[in-house]
Amino acid sequence: MFALVDCNNFYASCERVFRPDLNGKPIVVLSNNDGCAIARSNEAKALGIPMGAPAYQFEKIFEEKGVFVFSANFALYGDMSHRVMDMLSTFTPDMEIYSIDEAFLSLKGFDHLNLQQYGLSMCKKVVRGTGIPISVGIAPTKALSKVANRIAKKFAARTGGSYVIDSDEKRIKALKWLAVEDVWGIGRQHAKRLRDVGVNTAFDFTQLPEEWVRRNMAVVGLRLQKELKGEPMLELDVPQNKKNIATTRSFDSNYTQFEQLKERVSSFAVSCSEKLRKQKSCCNALMLFIHTNRHRDDLAQYSRNIVIQLPFPTNSAIELSDFAVQALKQIFREGYAYKKAGVIVMDFTPVQNQQLNLFSNSNPKHGKLMQAVDQINRLQGPQKVRLATQDLKRIWKMKQEKLSPRYSTNLRDIITIKI
DNA sequence: TCTGGGGTCCTAGGACCC
DNA sequence: TCTGGGGTCCTAGGACCC
């Protein structure tokens, strides 16, 4: 059996942990630049604020209904996530952290336990230890544990936050209840096609002939169908190094100057290089993209990307920044108002076994230098040491008007309790 | 005026090899 | 007039996830 544990309205719940006065109040967390709603408390959902809602379109509702709005505080959410995962890891030796707020737990060999109770004990321990409410779904396959989790959450009043699918009756009842577009692994495109052929529920999907599923949804769809029928096709995934690493941002305003973009692009490359070093990889290729604001049809549109193959594998901030700026020179055009850019590094090789090039190689001194930089930044705070090509004047700043304190990761932000 | 960011996997088809 | 068989690798595009 697998358990799928996920945190309820995770980002909103994190904000609530340190603001208990917000219990029962509507909360919305915004994306970078305070752009879109990326998390909502149940109360905010009830007000009809959809996922991804542009903040400016809902300002009036926020105001009128007294919604508490927060800028995304990833330092806080990342730390709270660690705490939750730590607690969960005490319930099984075998666990896969699936996302910032979700984990699959293997319950192999736990058959002697009352699994419903076991799920409830997870809820109790995690909420007590971290303040974050969770839901637990338990079933014989990963896909079914996702279904069970939905039920646990949706009917929390009855389930207490934990639900087990351990019989065919329960499985079929659950699948008949679940709309096909809500199945894990069925997105918009597949959902539409399925609805078109009269498949409305997860159960209908399991009744489709395998050839149809194979033809229209490939082996991924077939695997999913079997999982929903109760035949396990997916194991716990072991953590692997990333195959691509990206740093991309929308800008707070439109950029028209090469110099402005250059500073940002350089910073994105530096950020990628830090992530590369963290997983001890070098990259062999780098992609850069820039584009104007797609939502503005009154402005001239321009969008391009370019991939450059590097002459040698590297994770040096200096070298990657150079390559990114070279790439920018190739695709930058005057006369456009740029709104977003990003650097994506690809085609990794491990640091230990680099293929050297006869004619040009990564500067051997950079390894030591980067180590020193990483160490300083780790101790003194991010971005203490930067490249001169980066935005030294700090002319840009992400819009974050409603940022909460970093309660759990910054000494200055620790709460004081008056007794 | 204001609209996020970061990932994965699979497949078909073209280019190439012997 | 007749014109094989069996592979691999790469890439773009499509689908999905949180």
Side-chain angles (χ1 to χ4, degrees), chain A residues 4-11 28-39 49-60 62 69-74 77-78 81 96-104 142-143 146 149 180-194 213-224 227 233-234 237-254 268 271-272 275 279 284-285 287 289 291-299 305 307 309 337 339-348 398-402:
Chain A
L4 185 266
V5 179
D6 91 350
C7 303
N8 304 343
N9 316 320
F10 182 54
Y11 297 165
V28 163
V29 178
L30 302 179
S31 61
N32 280 343
N33 267 323
D34 292 347
C36 304
I38 53 171
I49 299 162
M51 184 65 171
Y56 75 96
Q57 286 175 7
F58 285 81
E59 249 155 35
K60 227 177 129 191
F62 294 163
V69 181
F70 291 92
S71 303
N73 184 346
F74 289 112
Y77 311 150
S81 173
E96 169 192 346
I97 297 176
Y98 180 67
S99 74
I100 192 163
D101 73 331
E102 275 180 57
F104 286 103
K142 282 174 121 181
K146 275 274 191 180
N149 182 282
V180 72
E181 60 270 16
D182 292 337
V183 173
W184 181 50
I186 294 183
R188 241 201 302 260
Q189 305 299 320
H190 287 328
K192 189 180 175 308
R193 186 177 292 157
L194 288 164
V213 177
R214 177 74 182 78
R215 195 164 2 98
N216 290 283
M217 302 172 68
V219 298
V220 190
L222 210 50
R223 229 161 27 210
L224 176 63
E227 282 254 318
M233 302 295 289
L234 302 169
D237 276 341
V238 285
Q240 309 231 310
N241 274 353
K242 300 254 188 307
K243 298 175 176 175
N244 296 294
I245 287 174
T247 301
T248 72
R249 290 288 179 279
S250 300
F251 307 140
D252 56 335
S253 60
N254 291 332
F268 298 161
S271 155
C272 286
K275 297 175 189 172
Q279 67 164 42
N284 290 279
M287 179 168 105
F289 72 81
H291 62 73
T292 49
N293 189 343
R294 295 174 215 277
H295 302 288
R296 293 283 299 272
D297 40 18
D298 55 323
L299 294 179
N305 68 68
V307 176
Q309 297 296 325
K339 181 61 179 169
K340 183 170 179 173
V343 170
I344 302 168
V345 289
M346 302 171 297
D347 190 7
F348 298 162
M398 203 154 65
K399 193 175 158 201
Q400 279 189 320
E401 291 172 351
K402 288 140 182 162

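The shown structure was predicted, so the numbers you read here are calculated from the model rather than taken from an experiment. Heavy atoms only: backbone and side chains are in, while hydrogens, waters and symmetry mates are out. Below, chains carry the letters A, B, ... as their sequence lines are ordered, and counting in each starts from 1.
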**Asked** How long is the line joining NE2 of A:His295 and C1' of B:dG4, in whole Å?
**Response**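 The answer, rounded to whole Å, is 10 Å.
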**Message:** Whole angstroms only, please: what is the CG-C1' distance between A:Asp297 and B:dT1?
**Reply:**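 The answer, rounded to whole Å, is 14 Å.
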**Asked** Which of these passes side chain to side chain donor-acceptor pair (under 3.5 Å) with A:Arg296: A:Asp298, A:Asn293, A:Thr292?
**Response**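 Answer to the side chain to side chain donor-acceptor pair (under 3.5 Å) test with A:Arg296 among A:Asp298, A:Asn293, A:Thr292: A:Asp298.
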**Prompt:** Any donor-acceptor pair under 3.5 Å between the side chain of A:Tyr56 and the base of B:dT1?
**Reply:**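 No, no donor-acceptor pair under 3.5 Å.
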Tell me whether the OP1 or OP2 atom of [N] has a side-chain N or O from [X] closer than 4.0 Å.
X	N	result
A:Ser250	B:dG5	yes
A:Lys399	B:dG4	no
A:Thr248	B:dG6	yes
A:Arg223	B:dC10	yes
A:Arg296	B:dT1	no
A:Asn293	B:dT3	yes
A:Asn33	B:dC2	no
A:Lys340	B:dT3	no

**Asked** Looking only at atom types and distance, does a side-chain atom of A:Lys275 sit under 3.5 Å from a main-chain N or O of A:Ala246, one as donor and one as acceptor?
**Response**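 Looks like yes, one N/O pair under 3.5 Å.
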**Message:** From the set C:dC17, B:dG7, B:dG4, return the single nucleotide nearest to any side-chain atom of A:Asn32.
**Reply:**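 For A:Asn32, the side-chain atoms sit closest to B:dG4.
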So [X], base contact, sugar-phosphate only, or nothing? Heavy-atom distance under 4.0 Å.
X	answer
A:Arg294	nothing
A:Ile344	nothing
A:Val183	sugar-phosphate
A:Asp101	sugar-phosphate
A:Glu59	nothing
A:Lys146	sugar-phosphate
A:Ile100	nothing
A:Thr247	sugar-phosphate

**Prompt:** Under a 4.0 Å N-O cut-off, is there an ion pair linking A:Lys142 with A:Glu96?
**Reply:**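 Between A:Glu96 and A:Lys142 there is a salt bridge, with a charged N closer than 4.0 Å to a carboxylate O.
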**Prompt:** Among all residues two or more places apart in sequence or in another chain, which pass the salt bridge (Lys or Arg N to Asp or Glu O under 4.0 Å) test with A:Asp34?
**Reply:**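 Once residues adjacent in sequence are excluded, A:Asp34 has no partner under the salt bridge (Lys or Arg N to Asp or Glu O under 4.0 Å) criterion.
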**Request:** Tell me which of A:Val220 and A:Lys275 sits closer to the 5' end of DNA chain B, going by the nucleotide each one is nearest to.
**Result:**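 Of the two residues, A:Lys275 wins.
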